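Whatever order the structure lists them in is the order used to number ligands and atoms, beginning at 1. In this chain, numbering begins with 1 at the start of the sequence shown. On a predicted model such as this, the values are computed, not experimentally measured, just so you know.
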Amino acid sequence: MRVYLDHNATTPPREEVVDAMERVLRETWGNPSSTHAEGAAARAAVDRAREQVASLVGCAPRDLLFTAGATEANNTALLGVLSGTPGHILSSAVEHPSVEAALDALESRGWEVTRAPVDPDGRVGAETAIDALREDTALVSLIWANNETGVLQPVDEIAEAARERGILFHTDATQRVGKLPIDLSHTPADLLSLSAHKLNGPKGTGALVVRQGLAFEPLLRGGPQEGGRRGGTENVAGIVGLGEACALAARELPERARRTGALRDRLWEGISQKIAGVRWNAASDAVLPNTLNVGFEGVAGEMLLQALDLEGISASAGAACASGSIEASPVLVAMGRSPAEARGTLRFSVGHGVDESQIDHVLALLPDLVERARVAGDV
Ligand SMILES: Cc1ncc(COP(=O)(O)O)c(C=O)c1O
């Protein structure tokens, strides 16, 4: 039996998504820019998907542009809206590398970036962040739900403060979309990024919401696709897959959150009862329902991860091997964890297809695997 507990890395596409994409590849293969019947059918499929995605996040369909995933959406948002004399940007210390790298690029162009710190639970303090806004702040970019810890940031409060001051607000909502509700008619965000493969859609497709009237420079220049905001013939199958995944999420959201929350809590209860020296890296009241980031004292995470994989269990680690040495996760370091604690951290993220018997299977094996990893040492 394989137990896949790495749904924050990617999710298995749902049957409904695969069926919808297959129909496009076989039947609706026209170019949406063509004016003939084949083109019109493809255009209609893209338009329908745009409505499905917009409906899930509560924006107008015309405010949404399709991208090749959240990396492109984040880069388009950050690099596309800032023009003129470089000023100040507020972000956080726990952004995804696709935001972090775009911030680095902006710094090299003269922009000054403040990365708001997080507390030991991984939260940015709304007051601290708002206090860091300046006269010359042009943009705030804040991850809504962290991919490693699942910790939710106070996006509503900070977006509201930014709006009052006339500052643009972007949120990387990639991990939240499909797991918890989003309603842009209430959250005053100007830009929002999402990705299909995090909600049981295909890889390589995503979207960026750009509030109407907000001028920006396209990242990809070319034809008039996406209202001139992103050149290139649309990935119709991927877009339809994203639309279908969003329609499923819209229908299932409350039940999905309840179900994944119960599975995650069952896993944590078992771990905390059966294994000593463990710590949940998050505040339990501000975290995605599907995510459990656990520190195992005295454990080399990569060793435990391998042992789990051999037993058929997939999770992910809080440290990565980069150029032959172990690098602690910057997110965990920002939360005040030591490199050794970060190294002993695993992320379990549940989703579609996971059930209670699988969680119990993991709980039956994990204590022994942790014990063996502790005995093996090398932390
Ligand atoms: C929070 C967050 N932002 C952005 C991305 C990048 O998404 P994509 O894989 O679609 O480029 C990811 C995926 O790893 C993510 O978790």
Side-chain angles (χ1 to χ4, degrees), residues 4-13 17 53 56-57 64-80 91-105 115 118 122-124 140-153 155 170-180 182 189 191-209 219-220 230 232 235 237-239 241-243 245-246 249 260 281-282 286-293 314-318 320 329-332 334-335 347-351:
Y4 182 77
L5 301 182
D6 203 11
H7 288 250
N8 286 12
T10 198
T11 55
V17 167
V53 183
L56 182 64
V57 298
L64 202 124
L65 77 108
F66 291 114
T67 63
T71 297
E72 184 191 325
N74 285 337
N75 274 270
T76 305
L78 270 71
L79 303 175
S91 188
S92 84
V94 292
E95 297 299 314
H96 186 267
S98 55
V99 166
E100 193 43 50
L103 291 174
D104 287 348
R115 291 167 179 82
V118 294
R123 291 265 288 176
V124 169
V140 178
S141 182
L142 185 60
I143 190 167
W144 207 336
N146 186 266
N147 41 303
E148 292 181 43
T149 59
V151 172
L152 301 166
Q153 301 302 346
V155 158
H170 165 252
T171 182
D172 176 0
T174 306
Q175 290 290 345
R176 183 177 171 117
V177 175
K179 297 186 182 118
L180 287 174
I182 290 181
L191 300 138
L192 177 146
S193 307
L194 63 94
S195 179
H197 75 104
K198 306 292 184 179
L199 68 151
N200 307 105
K203 282 163 230 356
T205 308
L208 175 65
V209 177
L219 200 64
L220 300 184
R230 194 225 189 224
N235 171 8
I239 289 169
L242 169 60
C246 288
T260 55
N281 291 312
V287 65
L288 288 174
N290 81 317
T291 309
L292 179 63
N293 185 298
S314 309
S316 79
S329 138
V331 171
L332 294 169
M335 290 164 74
R347 176 188 70 189
F348 302 95
S349 45
V350 302

In ligand 1, which numbered atoms sit nearer than 4.0 Å to a non-hydrogen atom of [X]?
{"X": "Ile143", "result": "1 (C)"}
{"X": "Gly69", "result": "10 (O)"}
{"X": "Asn147", "result": "1 (C), 16 (O)"}

With heavy atoms under 4.0 Å as the rule, classify the contact between [X] and ligand 1 as side chain, backbone, both or neither.
{"X": "His197", "value": "side chain"}
{"X": "Val99", "value": "neither"}
{"X": "Asn146", "value": "neither"}
{"X": "Glu72", "value": "neither"}
{"X": "Asp172", "value": "side chain"}

* Asked: So, is Asn8 polar-close to ligand 1, with some N/O to N/O distance under 3.5 Å?
  ->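 Such a contact does not occur with ligand 1.
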* Min N/O separation Ala70 to ligand 1 under 3.5 Å ->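 Ala70 vs ligand 1: N/O contact under 3.5 Å present.
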* **side chain to side chain donor-acceptor pair (under 3.5 Å) between Asp6 and Ser314, worked out** => CA-CA 6 Å; Asp6 203 11; Ser314 309; over 6 Å; no
* Go through Glu100 and Arg115 one step at a time and tell me if the salt bridge (charged side-chain N to carboxylate O under 4.0 Å, His left out) criterion holds. => CA-CA 10 Å; Glu100 193 43 50; Arg115 291 167 179 82; 3.0 Å; yes
Starting from [atom], locate the nearest protein heavy atom and write down its residue, its atom name and how far away it is, to 0.1 Å.
{"atom": "atom 6 (C) of ligand 1", "value": "Thr71 OG1, 3.4 Å"}
{"atom": "atom 16 (O) of ligand 1", "value": "Gln175 NE2, 2.8 Å"}
{"atom": "atom 12 (C) of ligand 1", "value": "His96 NE2, 3.2 Å"}
{"atom": "atom 10 (O) of ligand 1", "value": "Ser195 OG, 2.6 Å"}

* Residue that, paired with Val350, satisfies side-chain contact (heavy atoms from CB on, under 4.5 Å) out of Leu292, Asn290, Asn8 ->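 Result: among Leu292, Asn290, Asn8, Asn290 is the only option passing the side-chain contact (heavy atoms from CB on, under 4.5 Å) with Val350.
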* Among Ile143, Leu288, Asn146, which one satisfies side-chain contact (heavy atoms from CB on, under 4.5 Å) with Leu152? ->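 With Leu152 as partner, Ile143, Leu288, Asn146 yield a single side-chain contact (heavy atoms from CB on, under 4.5 Å), made by Leu288.
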To the closest 0.5 Å, what do you measure between [atom1] ([X]) and [atom2] ([Y])?
{"X": "Ser195", "Y": "Leu208", "atom1": "OG", "atom2": "CG", "answer": "12.5 Å"}
{"X": "Thr149", "Y": "Leu332", "atom1": "OG1", "atom2": "CG", "answer": "7.5 Å"}
{"X": "Leu194", "Y": "Leu64", "atom1": "CG", "atom2": "CG", "answer": "7.0 Å"}

* Within a strict 4.5 Å, meaning less than it, do heavy atoms of the Leu142 and His170 side chains meet? ->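 No, too far: nothing below the 4.5 Å cut-off.
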* To do: Evaluate side chain to side chain donor-acceptor pair (under 3.5 Å) for Lys203 paired with Thr10, printing each intermediate quantity in order.
  => CA-CA 8 Å; Lys203 282 163 230 356; Thr10 198; 2.9 Å; yes
* Under 4.0 angstrom from ligand 1, any heavy atom of Lys198? ->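 Contact present.
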* To do: Please confirm whether Ser98 comes under 4.0 Å of ligand 1, counting heavy atoms of the residue only.
  =>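 It does; at least one heavy atom falls under 4.0 Å.
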* **Considering all heavy atoms, the nearest Val124-Ser92 contact** =>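 Reported closest heavy-atom pair: CG2-CB, 3.8 Å.
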